[in-house]
Amino acid sequence: MKWSKMVCVVMVFVSCTVAIHAEEKSAYTWRLATTWGSTLKPFIDTPRKLSALVDAMSNGRFKIEVVASNKHKKPFGIFDMVKSGEYEMGHSASYYWSKKDNAFNPLTTMPFGMTAPEQYGWFYEGGGMALMQKLYKKYGLLSFPGGNTGNQMGGWFKKEIDSVEDLKGLKMRIPGFAGQVMSKLGVKVTNLPPPKLSKALSDGTLDALEWVGPGMDIGFGFHKIAPYYYSGWHEPATELQYLVNMEKFKTLPKDLKEILVSAMKLTAYDMYIQIYDMHARAWRKMRKEYPNIVIKTFPISVMDALRKAKKQLLIKQMANNPMLREIIESQNAYMKQSREWTKMSDFLYLIESL
Ligand code: CA
């Protein structure tokens with residue numbers, strides 16, 4: 001072999017070795033499990049956008065495979081699967097595991113709690129993130145806001161609710177802490193999974209149900225069965241959550257950690273925008289095609305009873321859970337200072353614009 005040819009072969013070998021070595025050192029492939037099925041928009045879009053963004057921002061060094069619940073079959077097992085390290089990440093909602101610890105509830109939303117801008121203010125500027133990490137650290141997890149639904153509607157009812165009496169014996173799908181509040185007022189609460197909701201509402205298994213809002217409700221056709229659409233009180237700012245296994249996060253180099261955290265924040269905000277647009281469009285369509293839909297607000301007596309039941313329940317739960325108390329007190333203090341601004345800015349503006 002000629003000298004020049006040999007040098008060339010050696011150079012190719014060396015450069016290949018260096019390239020492979022660099023790739024091995026910098027390649028990270030993670031899996032992210034979702035509570036959502038592969039078609040549930042916009043929730044499923046959020047981790048998919050995260051995956052694409054992380055891939056592009058890291059120039060292909062960091063891949064995240066999104067595994068929807070119709071594949072892994074454990075929609076409510078995200079917490080355990082990320083904790084055990086079976087999946088490095090998850091996308092779900094904190095209140096789905098409130099049976100493990102009811103301090104998880106207010107990290108999603110609380111009845112009569114903060115609106116989405118107020119809650120984002122609390123998370124990012126008002127100490128909310130630190131409290132969330134304090135709670136999740138106990139379980140070897142990190143958690144980050146994963147997208148907000150905005151104010152959720154109070155639900156679809158077959159009959160009007162004129163008094164607290166009308167709630168007694170009412171069969172309603174309403175999950176989480178709000179379901180406990182409703183139950184205190186005599187509602188027979190069930191928590192059926194979304195695919196079973198329309199049939200249950202039409203065959204009388206349910207008299208009422210809540211899901212999210214027009215953009216996500218429209219596909220189920222609830223408006224064709226139960227025409228009274230009540231305004232919300234129970235989920236004023238439902239924030240989804242990204243979960244990250246803490247030990248796996250520690251294995252990432254500094255730049256990929258930053259890319260991941262930034263992409264989570266960006267995609268969470270992106271979902272808030274996407275769902276707002278979906279709701280507005282869907283409502284316009286519903287309004288036009290189904291003029292029989294009646295928008296209602298619960299009477300003051302019902303709202304007062306709900307507020308009172310919520311307070312009583314929460315006082316009891318906080319007495320047994322110091323972490324829940326710490327989170328609720330922080331949220332209440334933040335809401336007290338921010339609500340004044342919400343009222344004199346957006347609220348007065350909207351009243352003036354009517
Ligand atoms: Ca809901």
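Just follow the structure's listing: the first ligand is 1, and inside any ligand the first atom is 1.
The Ca ion (ligand 1) lies closest to atom OE1 when only the N/O/S atoms of E210 are considered. For E235, the N, O or S atom with the smallest separation from the Ca ion (ligand 1) is OE2.
Ring pair F104/Y95: centre-to-centre distance not below 6.0 Å. Separation of the W30 and Y87 ring centroids does not fall under the 6.0 Å cut-off.
Look at T149 and the Ca ion (ligand 1): no N/O/S atom of the residue is under 3.0 Å from the metal. Backbone or side-chain N, O or S atoms of W211 reach the Ca ion (ligand 1) at under 3.0 Å.
Note on ring orientation: taking the six-membered ring where Trp is involved, the planes of W211 and F220 are perpendicular (angle over 60°, cut-offs 30° and 60°).
A donor-acceptor pair shorter than 3.5 Å can be found between the side chains of S94 and Y136.
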